[in-house]
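Structure record follows, encoded as structure tokens.
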Amino acid sequence: GDSVTQTEGLVTVTEGLPVKLNCTYQTTYLTIAFFWYVQYLNEAPQVLLKSSTDNKRTEHQGFHATLHKSSSSFHLQKSSAQLSDSALYYCALSDYSNNRIFFGDGTQLVVKP
Amino acid sequence: GPKVLQIPSHQIIDMGQMVTLNCDPVSNHLYFYWYKQILGQQMEFLVNFYNGKVMEKSKLFKDQFSVERPDGSYFTLKIQPTALEDSAVYFCASSPNTDQDTQYFGPGTRLLVL
């Protein structure tokens, strides 16, 4: 079956410095879509990025991610972290066979002044 | 963006009682989902629903759980009877179609079972 792995449960970074949240996956399907969802404290998760094209950079709100099927990865990056970026980030995968999205365990990002 | 509404925002009930969580999905969406998030933990899939039927459910979707969406009304999650371990935030989500569509989440219902 499908699975998504986020290796870091907690990432702490100083404001203004770059940040990278790791996401790798396993799937037997060729046609897949990937998402990064962000969940701010006491709010609902909301989609941050979506991609289904190999080796194409996707950007939104200063964050970017590139799907690399060769390494089964979809890491989330930002060149300069902001205090307001502190939140829980979920990497997620969807394939054509399911009507569901497989979420990773989530990475809590804390941006310090 | 599209809005999913959930009613109530908070619910406190005694163990063993029945509770119904209501979701008003985005109007033209066809697929509906429930997720459970225990305080401090990750969000976990419970069930998805399409065309009046459960398509897939996880092991967290116990026999005490049921979902339905009568025509034109809310998509509901009913727990009967409730247990202490059912205390969590329950998120509803909907998507326009299958095929890797983005899911839009409601604000959640915070359920506390005493």
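We name chains A, B, ... by the order of the sequence lines, and we start the count at 1 in each one. All figures in this text were calculated on a predicted structure; none of them were measured in a lab.
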Query raised in the report: Does the pair B:Tyr35 and A:Phe103 meet the rule for a ring-ring contact (aromatic ring centres under 6.0 Å, His included), with working shown?
Result: CA-CA 11 Å; B:Tyr35 293 86; A:Phe103 284 89; 5.5 Å; yes
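- With hydrogens and angles ignored, the 3.5 Å screen pairs a side-chain donor or acceptor of A:Tyr37 with a backbone N or O of B:Gln103.
- A:Val13 and A:Leu76 fall within a single hydrophobic cluster, where Ile, Leu, Val, Met, Phe, Trp and Tyr are joined by side-chain heavy atoms under 4.5 Å apart, directly or via other members.
- Residues B:Phe49 and B:Phe61 share a single hydrophobic cluster, defined by chaining ILVMFWY side chains whose heavy atoms lie under 4.5 Å apart.
- There is no contact between A:Gln46 and chain B, counting heavy-atom distances below 4.5 Å.
- For chain B, the option among A:Ala92, A:Gly106, A:Pro45, A:Ala44 with the highest count of heavy-atom pairs below 4.5 Å is A:Pro45.
- Under a cut-off of 6.0 angstrom, the local environment of CD in A:Gln26 is sparse, with at most 12 non-hydrogen atoms contributed by other residues, nucleotides or ligands.
- For A:Gln39 against B:Phe91, the heavy-atom pair with the smallest separation is NE2-CZ, 3.3 Å.
- Crowding of B:Tyr74 atom OH: a count of heavy atoms from other residues, nucleotides or ligands under 6.0 Å not exceeding 12.
- Tracing side-chain contacts under 4.5 Å through hydrophobic residues (I, L, V, M, F, W, Y), one never reaches B:Leu77 starting from B:Leu5; they form parts of separate clusters.
- Here the CG atom belonging to A:Asp105 is positioned 11.5 Å from the CE atom belonging to B:Met43, to the nearest 0.5 angstrom.
- More than 12 heavy atoms of other residues, nucleotides or ligands sit less than 6.0 Å from atom CG of A:Leu10.
- When the side chains of ILVMFWY residues are joined at heavy-atom separations under 4.5 Å, either directly or via intervening members, B:Val67 and B:Val19 end up in a single hydrophobic cluster.
- Here the straight-line distance linking atom OG1 of B:Thr102 with atom CG of A:Leu49 works out to 10.5 Å at 0.5 Å rounding.
- Judged by distance alone, with hydrogens and angles left aside, the side-chain atoms of B:Tyr104 form no donor-acceptor pair with the main-chain N or O of A:Val47 at under 3.5 Å.
- Nearest heavy-atom pair across B:Gln37 and A:Leu88 is NE2-CD2, 4.0 Å.
- Taking all atoms of both residues into account, the shortest heavy-atom contact from A:Tyr90 to B:Gln41 is OH-O, 4.1 Å.
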